[in-house]
Amino acid sequence: MNVAVPLAAPSPKDYASDQEVRWCPGCGDYAILKAVERTLAEVRAVPEKTVFVSGIGCAARFPYYLATYGFHGIHGRAPAIATGIKLANPDLDVWVVCGDGDGLSIGGNHLLHALRRNVDLQILLFNNEIYGLTKGQYSPTSRRGTRSPSTPMGSLESPVSAAAFALGSGARFVARSVDTLQQHLPAVLKRAYANRGASFVEIFQNCIVYNDGVFGAFTERSVAADAQIHVEHGAPLIFGRERDKGLRLKPGALELEVVPLGEGGMTEADVLVHDEANRALAAMLAALEPPTHPVALGVLYCDPAPSYDRQVAERVADAVTRAAEGGAQGDLNALLRGGHTWRVED
Amino acid sequence: MELSGALESAHSARQELESAVVRFAGDSGDGMQLTGGRFTLAAALAGNDLATFPDFPAEIRAPAGTTFGVSAYQINFGARVIKTAGDMVDLLIAMNPAALKVNLDDVRSGGLVIVDAGAFTDRNLRKAGYDEDPRDDGSLSGYRFVEIDMSQRTLDAVKDSGLSKKEALRCKNMWALGLTYWLFDRDRQTTVDWLDQKFRSRPEVAAGNIAALNAGHAFGETTEMSGASSAFIVRPAEIAPGLYRNVTGTDALAWGLVAGAALAELKLVFCSYPITPASGILHALAGLKDYGVTTFQAEDEIAAVCAAIGASYAGAIGITSSSGPGMSLKTEGIDLAIATELPLVVVNSQRAGPSTGMPTKTEQADLYQAVFGRHGDSALVVLAARSPADCYEAAIASVRLATKFMTPVILLSDNYIANASEPWNLPDANALPRFPVEFHKNPDGFHPFARDEATLARPWAIPGTPGLEHRIGGLERDADSGNISSDPENHQRMTELRAAKIAGIANDIPEQTVELGADRGSLVVVGWGSTYGPISRAVSTLLNEGVAVSHVHLRHIWPLPRNLGELLGRFDRVLVPEMNAGQLLTLLRSEYLVPAEGLSKVSGKPFMIAEIEAAIRARLES
């Protein structure tokens, strides 16, 4: 089952395991797997140093299909397991794969803390707005009114926005892409890989069986160009089939509005330029929704900070070095005899 | 009743005691734990054997003067081997009416009770719930009662130190300690040195405390204390020669984990979430980074166990700790470690349950949970520590078994063991047998669930190793290839293999020995965990009287020692004292079909020796 990867120019298929992929035909997960394999090849990931950790759900089968190390954990707990892996060995490249129920419902707490601690992980959240493996119940990202086996009259709950949640949790890297965007998604994943810290990527993923077309309003080929904005650091926030629309701060209001370029004297100079390090802008971009606004894809926010696991390792290493300089590092007898002792003679 | 009669100060006039139980009690802000700790060290330095037990409220600073804010520290010390913190109190120092009210019932008839008269104000009496002043209503007539205005005397003693009145009053615990030192003829110098060191940045506080300590001592020496409360002497015990320190279960357990990881030649990653009374282990380990220890305060109990599992997966020894309710949260993760067959140590410092129960009170009612409390057929290893110092060896044994057999191990401690202390004849840590872990490295024929024939353990192949890339998880896996499988026969086989691996550990652990008494006879007392002290003392007392009774104490709760059934079968009767409703009892009955009887105590307090003695006598007389 193990594949030797040549030193030069690995190909995406070098990262595929020998296990038969068992997602439903047409599932968006296939496309994501392909994008991940491509990313691993492009960054020349070292298979033995790469670990994929997952929770439970359709997305969580992911590690079985990759020829790297893999840990299929328990529901929602992948960020916690991955944190432990990084504490034990910060040199490993650790990816976390979770779903919307996995990451934002049962595991919401773990996701929050992995993000705020800035553990050096690539966290991929496959958002399909439904529970797939348990047969179609509404999820925490399902829109109000979602009819499902557990909500026959439509759900009453407001959905959580994954990207807004990540920003609110203190994530230093928040990005978005779509399963079928086979150029955009690997590019985003490479950015996530390059960031040393918690890199959060929300991937809109189509569940062909229980929630088919739920993202159609911005992913259908016919509307995509006008319903998506692909943000890039330093570039003006322009989108549209004819690249004739831009985003600007609405005068007198703290919100983004879509403006038509070339109309009413509106030019590129009136449009906001994307600044990855601007958390407020990232929050506004994350909140955009069709039909009034395009869905923002790409790296919404990237403002690197030292990773938790690296800092923990450094503290321990410093303490060990100092103790070694004192000549007593690892002396268990010194540990036991560190307090007030007394001798009882024969 | 102000002091009457001359206090005999001449050494020769001291009453000689074989052992004594002293309890310091006051408000949780009165510094009683600290006072008790200093008295303990003085007793140790005087050559006594001893055992201590702190009893503090769940509230951090309950309203002053209330009964639920009373904090106490008990020490039993003697010229003989001491095995428990003592049944009944010989000397109670009560710093206020609430402390008197809460603790008086534990003082033996005729015991000495010393109170701070300065704290017996109408307001404090009301707060303690006294309708009438106990000093006036005859309720203290069964005791030797002495009241001293310690508050005023402390203020007088420290008036030149420059401390405010509030700060000066905080020295009254040292006044009480000084008096107690005099009562037992203890040396003050170690305490003086310690105060100088502790308050070196505030010399006036050190000076005030030392002045109070000396004043309390001088009061005993020179003033007219009650003739009814003559001073005592407790001579040194016959103690095995060696270098000693006093140790709590919390510290010994933390150091045992460090030693275990070192002996296994593994990095220690300790992941925990704060919970009483387990947090102390996290605190202790967080201070040992110079030993290469990594600690992680997780967001919850679930994350703590999962991070520990992740750490073990990546080649460290992952360890987590908790207490009852937190253990419940960890069980999902523990099952994952069972399914993935990864080493993991889970420490449970048991407390009185169910639910939040009594977080600062002791119990040993999580045995069922440890042995059986999981989904699926999911056996693991369960060990129990018997005393504070024993936590060290129990922790090392836990790491050894977890790594040798690739299994989670639950180590049961409890609130009593965690907080109690005893002198520890320090072992030579370098003399311990090492058990270095060898990670699997060879890709030839590798699969992650190929088992060692002898131990049935799977190979530990960690990320970072070329050629061993593999996938594990909670899904059932094929016994041969390790790939996921829901084949019916395979699940049967894997379930049996997992159980056989744990059952086989009985061949790796020592046979059960008899602690005290003959290895056959009419009655054996079987204990586990912190009941060791009272059972041992009760049985040795009865043996000295010529009563035929034996004591067996279990370290290994699961799997049980391979000879235990045969050993128990050699006795007519089996008595199982436990601080639960009969959990080991059920286990022994179901495993060995022995007609064992239980002795249950679930008051949140350890067994008294007398309770166990009485139960043994009752069985033998019936």
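Because the structure is a prediction, the values reported are computed rather than measured. Here is how names work: the chains are called A, B, and so on, in the same order as the sequence lines, proteins then strands, and each is numbered from 1.
For chain A, the nearby part of B/Leu288 is the side chain; its heavy atoms alone come within less than 4.5 Å. B/Leu342 touches chain A through its side chain: at least one heavy atom from C-beta onward sits under 4.5 Å away, while N, CA, C and O do not. If you measure heavy-atom distances from B/Ala240 to chain A, the contacts under 4.5 Å come from the backbone alone.
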Fill in: Audit row: B/Thr465, A/Tyr69, side-chain contact (heavy atoms from CB on, under 4.5 Å) steps and yes/no
CA-CA 9 Å; B/Thr465 316; A/Tyr69 281 89; 3.4 Å; yes
Discussion item. Please evaluate residues B/Asn483 and A/Gln19 with respect to the criterion side-chain contact (heavy atoms from CB on, under 4.5 Å), reporting the C-alpha separation (whole Å), side-chain torsions for both, the decisive distance (0.1 Å), and the verdict.
Written reply: CA-CA 8 Å; B/Asn483 291 330; A/Gln19 297 294 295; 3.3 Å; yes
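Side-chain contact between A/Arg61 and B/Leu475: present, with at least one pair of heavy atoms (C-beta onward) separated by less than 4.5 Å. At least one side-chain heavy atom of A/Leu336 sits less than 4.5 Å from a side-chain heavy atom of B/Tyr392. Using a 4.5 Å heavy-atom threshold, the side chains of B/Leu336 and A/Arg77 count as separate.
Atom OG of B/Ser312 is separated from atom CD1 of A/Ile81 by 11.5 Å, given to the nearest 0.5 angstrom. We find the CZ-CD distance between A/Arg116 and B/Glu299 to be 7.5 Å, quoted to the nearest 0.5 Å. If you take CD1 on B/Ile396 and CG on A/Leu332, they are separated by 8.0 Å, rounding to the nearest 0.5 Å. Between the CZ atom of A/Phe71 and the NE2 atom of B/His470 there is a distance of 9.0 Å, given to the nearest 0.5 Å. Within the model, atoms CG of A/Asp309 and CZ of B/Phe296 stand 10.5 Å from one another, a figure rounded to the nearest 0.5 Å.
For residues 94-113 of chain A, a heavy-atom distance under 4.5 Å to chain B picks out A/Asn109, A/His110, A/His113, given by residue number. Inspection of non-hydrogen atoms places A/Arg315, A/Val316, A/Ala319, A/Val320, A/Ala323, A/Gln329 of residues 315-329 of chain A under 4.5 Å from chain B. The interface of residues 337-346 of chain A with chain B, defined by heavy-atom distances below 4.5 Å, comprises A/Arg337, A/Gly338, A/Gly339, A/His340, A/Thr341, A/Trp342, A/Arg343, A/Val344, A/Glu345, A/Asp346.
When every heavy atom of B/Gln297 is checked against every heavy atom of A/Arg117, the shortest pair comes out as O-NH2, 3.4 Å. In terms of heavy-atom proximity, A/Asn333 sits nearest to B/Ala429 at OD1-N, 2.7 Å. Heavy-atom minimum distance, A/Ala88 versus B/Ala311: CB-O, 3.5 Å.
Although no hydrogens or angles enter the test, the distance criterion places a donor-acceptor pair under 3.5 Å between the side chain of B/Arg471 and the main chain of A/Leu66.
Among residues two or more places apart in sequence or in another chain, the side-chain contact (heavy atoms from CB on, under 4.5 Å) test is passed with A/Lys34 by A/Gln182.
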